[in-house]
Number of protein chains: 2
Amino acid sequence: MAPYVTLIEEGLAPFVGEHELDYIRPQAEAACAQLRAGTGPGAEFLGWLDLPVKVAEHIEAVQQAAAEIQTRAEVLVVVGIGGSYLGARAALDALTDEFATGSVRVLFAGHNLSSTYHARLLDYLADKDFCVNVISKSGTTTEPAIAFRLLRELLEKKYGRDGARRRIYATTDAGRGALRAMAEQEGYASFVIPADIGGRYSVLTPVGLLPMAAGGLDIARLVQGAHRAMEELQAPELADNPCYRYAALRNILLRKGKLVELLAMYEPCLHTFGEWWKQLFGESEGKDGKGLFPASVVFSTDLHSLGQYIQDGARILFETVLYIKETSRQVTIPHLEDDLDQLNYLAGKSMEFVNSCAFRGTLQAHVQGGTPNIVLELPELSEYSLGYLFYFMKKACAISGYLLGVNPFIQQGVEAYKQNMFALLGKPKREQGGVVG
Amino acid sequence: MAPYVTLIEEGLAPFVGEHELDYIRPQAEAACAQLRAGTGPGAEFLGWLDLPVKVAEHIEAVQQAAAEIQTRAEVLVVVGIGGSYLGARAALDALTDEFATGSVRVLFAGHNLSSTYHARLLDYLADKDFCVNVISKSGTTTEPAIAFRLLRELLEKKYGRDGARRRIYATTDAGRGALRAMAEQEGYASFVIPADIGGRYSVLTPVGLLPMAAGGLDIARLVQGAHRAMEELQAPELADNPCYRYAALRNILLRKGKLVELLAMYEPCLHTFGEWWKQLFGESEGKDGKGLFPASVVFSTDLHSLGQYIQDGARILFETVLYIKETSRQVTIPHLEDDLDQLNYLAGKSMEFVNSCAFRGTLQAHVQGGTPNIVLELPELSEYSLGYLFYFMKKACAISGYLLGVNPFIQQGVEAYKQNMFALLGKPKREQGGVVG
């Protein structure tokens, strides 16, 4: 059976010789072996590898909590930053209708320090029935901790202390940390972030699954997609494994001086998936002075923005195109009698057909302009395909990081701004240590 | 009087010597002289330079049309791509409350080729009163032309042909092109895109002003802010002119191997301003194999995403921080008896204070990590400051492009994908020529 995702390399041929893949193969194999054996750096954070199997037993509990939220609330506010919110938001943006109002509207807080943003959110919530899902390994990360204080205050004002308790869902460490202590003390419904899974690898844990389910997504299908990826992306041969191959190709391109990887998508609803992907790769690989700089674009929108640069600017880029073969909705271009806009040659055709021609035309143009293109094609955009894609990218990132020579599972550089900020805020010294995710 | 925007260079001191500014000064002066005299490349597109004066006479007509839209519609759909929508969207996102519903909701179409997006938008509009502002110099650009056909069909179905006509506002060339012809034939209310202003420089023309005004923004204040920028950013000395200085500094950093410029903002509502800025600089400078690659981030959100890379990844970046000194709304951090989250040391303080410490702490950390920082500080976020900023960036971009040695007013590279796409779509040959923005 062919893999669910297709890696198309016609846009690479002018830039990467087949012998280059031959030469990097032993390194890629070594990286895969390290990952499999748990002998590489950061091996204490490999819990995501078999998560599609392990998470199965938690799905029902998550679905039950989501159903509860759906009966109690119009709005679910997800409180979290970085990996604690990006995966769920990526999935919800990709798979729900931004113009329609589903049963529960999922909003986000504690992912920034903007007083304007939070003041407006609190105003909006004043006359809404809402629940809160607070997501933090420690419970003391500044941004979500502040937002949670604000939201808890509003909940208690609206529903009393007991009513508030029943509207708070905590996703946190199994035993340690302030949020776990709070959940026990207050009796919040709670879910566990496994200790062996870092934030940006946590989308298939309750961190991602509860907000997705509350927002109406079929999380069982999502996990099935991830499970398929887990199984078929173990194929040891680079030739048969698009995940290994993608990891190898992006390292080859980096070594050729392509310093920026641009993830390009042709559906605007995938915009937030691009943000998730940027965290995954940027935080995993950007260390020790190394790493591809990850950026993302939505086409054809950004062909009228960064298109000029990609076509003809500094030749430091390559593109990875995430292409969805069949869209969920169709629109047909109408006929117009006077044809003043000269579009009648497209009348009766679907917009999707035009989008596919934009994709192919752009691929040709950018390759001709000197920008290598890797294409990852998925048959559809659904819970299943997104689950597959999340897993695909996580595994590609782990292998790619080993190929680069970094520990893809730590993020020690994120602490630097926090320490300076704490000093400026006057945080008591005894409390500055031991802050996790 | 000190300039309205403050350029703070403490995050540059370890990376750029004062003598480097001395050495580049003659080049910067030559660039400014070319721009002033209209002797540089692309001088036929300098209409934006004195636009804050010239546009004054059109403001009332734009405001009248906006008032008309507000009485007729709940939704205004803006049809346009690239510079035809990004400026208005940036201003609306920056200055309106994303959670509240104003009198008119401004939505966008024709800025992508997604059938899913447009099908959902049409569903949403089915039971809404709406108007359309179609924005295109030519009227034949594929994306907006298709969307306009779809929306016009829906309008005619809902309101009849005459009713539809009264709900369509065309912003297009004064005399040429398909959209101008259509506007005359159908009797649409119309506004002019001056021939000497390119799409990405058009935010202060009716292209940007009509959607902004319909969405409730004070466009007169916006133009006043731009007018102030126009006047005070003529100061000939690099030392007194933050705009010239910014243009010079980013070229110095590029010549040192900093290949990516990251625009960083501490208010999430400025996200779309970052998109506008990326088009402005990317499309102006990304040519002839040259140009800084423009990317943007929102902090502290993306400190938990790209922060690791900025702190410790490949040293190819510099940051330009757009910092707003005073936010429009305040939130106070509540006290919590048990203090389980260890935040009581911040109780009674404003969230804005914490954000300002994040800004200063991050600046220190990133500079220490080897990432140069330019800071542009604005006193507030308002129509006035945004008008100023739009003009500031346009002028900085023009000078920067001349310093780089490119024509910052053309975008010939955008045509490549279009030509390939037309061939794949089977567009009749006679219609392939003469397609403008």
Side-chain angles (χ1 to χ4, degrees), chain A residues 81-82 97 99 111-116 118-120 124 140 145 149 153 178 182 267-268 279 282-283 286-287 291 295 300-301 304-309 311-314 327-329 331 334 340-343 351-352 354-355 357-358 361-362 364-365 411 413-414 416-417 420-421 424-425 431, chain B residues 81-82 97 99 111-116 118-120 124 140 145 149 153 178 182 267-268 279 282-283 286-287 291 295 300-301 304-309 311-313 327-331 334 340-343 351-352 354-355 357-358 361-362 364-365 411 413-414 416-417 420-421 424-425 431:
Chain A
I81 194 163
D97 184 338
F99 300 112
H111 59 311
N112 64 60
L113 287 165
S114 165
S115 54
T116 303
H118 286 89
R120 287 172 175 170
Y124 170 80
T140 55
R149 276 201 179 197
E153 193 182 42
M182 228 186 286
E267 289 296 331
Q279 185 196 4
E283 199 160 280
K287 50 196 67 156
S300 68
T301 305
H304 295 251
S305 157
L306 292 176
Q308 166 67 39
Y309 191 106
Q311 188 67 43
D312 193 34
T327 57
S328 45
R329 297 286 304 269
V331 176
L340 276 175
D341 57 6
Q342 301 164 12
L343 270 191
M351 200 179 214
E352 187 185 357
V354 183
N355 209 15
C357 292
T362 302
Q364 287 169 10
Q411 55 284 333
V414 180
Y417 99 89
N420 292 340
M421 178 177 73
L424 291 163
L425 288 171
E431 293 174 357
Chain B
I81 195 164
D97 184 337
F99 300 113
H111 59 313
N112 64 60
L113 288 164
S114 165
S115 54
T116 303
H118 286 89
R120 287 172 175 170
Y124 170 80
T140 55
R149 277 201 178 197
E153 193 182 43
M182 227 184 288
E267 289 296 332
Q279 186 197 2
E283 200 161 280
K287 49 195 68 152
S300 65
T301 304
H304 295 251
S305 156
L306 292 176
Q308 167 67 40
Y309 190 106
Q311 187 68 43
D312 192 34
T327 57
S328 46
R329 297 285 304 270
Q330 297 289 335
V331 175
L340 276 175
D341 57 7
Q342 302 165 12
L343 269 192
M351 200 179 214
E352 188 186 355
V354 183
N355 209 15
C357 292
T362 302
Q364 287 169 12
Q411 56 283 332
V414 180
Y417 98 89
N420 292 340
M421 178 178 74
L424 291 164
L425 288 171
E431 293 173 357

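Quantities reported herein were computed from a predicted structural model and do not represent experimental measurements. A note on names: the letters A, B, ... follow the listed sequences, proteins ahead of strands, and every chain is numbered from 1.
The backbone N or O of E267(A) lies less than 3.5 Å from no partner atom in the side chain of S114(B), so there is not a single donor-acceptor pair. One N or O on the side chain of N420(B) and one on the backbone of G361(A) form a donor-acceptor pair closer than 3.5 Å. Looking at R120(A), its side chain never comes within 3.5 Å of a backbone N or O of F99(B) through a donor-acceptor pair. Of the possible donor and acceptor atoms, none in the side chain of E283(B) sits under 3.5 Å from a partner among the backbone N and O of Q308(A).
Of the two parts of L340(B), the backbone and the side chain both hold a non-hydrogen atom closer than 4.5 Å to a non-hydrogen atom of chain A. Only the side chain of Q311(B) has a heavy atom closer than 4.5 Å to any heavy atom of chain A. At a 4.5 Å heavy-atom cutoff, the contact between Q411(B) and chain A is made by backbone and side-chain atoms alike. Heavy atoms of A145(B) lying under 4.5 Å from chain A belong to its backbone as well as its side chain. Both the backbone and the side chain of A358(A) come within less than 4.5 Å of a heavy atom in chain B.
The residue among R149(B), H111(B), M182(B) with the most heavy atom pairs within less than 4.5 Å of chain A is R149(B). Per-residue heavy-atom pair counts under 4.5 Å with chain A were compared for V414(B), V331(B), T116(B), and the maximum is reached by T116(B). Contacts with chain A were tallied for G282(B), A416(B), C357(B); C357(B) has the most, counting heavy-atom pairs under 4.5 Å. Ranked by heavy-atom pairs shorter than 4.5 Å toward chain A, the options G82(B), S328(B), P268(B), A295(B) are led by P268(B). For the set Q330(B), E153(B), H118(B), the entry with the most heavy-atom pairs within less than 4.5 Å of chain A is H118(B). For the options S305(B), G413(B), A365(B), heavy-atom pairs under 4.5 Å to chain A are most numerous at S305(B).
Here the shortest heavy-atom pairing between T301(A) and N112(B) reads OG1-CB, 3.4 Å. When all heavy atoms of L113(B) and M351(A) are compared, the closest pair comes out as O-CG, 3.6 Å. What you find for G291(A) and Y309(B) is that their closest heavy atoms are O-OH, 2.7 Å.
Side chain to side chain, E352(A) and T327(A) meet the donor-acceptor criterion of an N or O pair below 3.5 Å.
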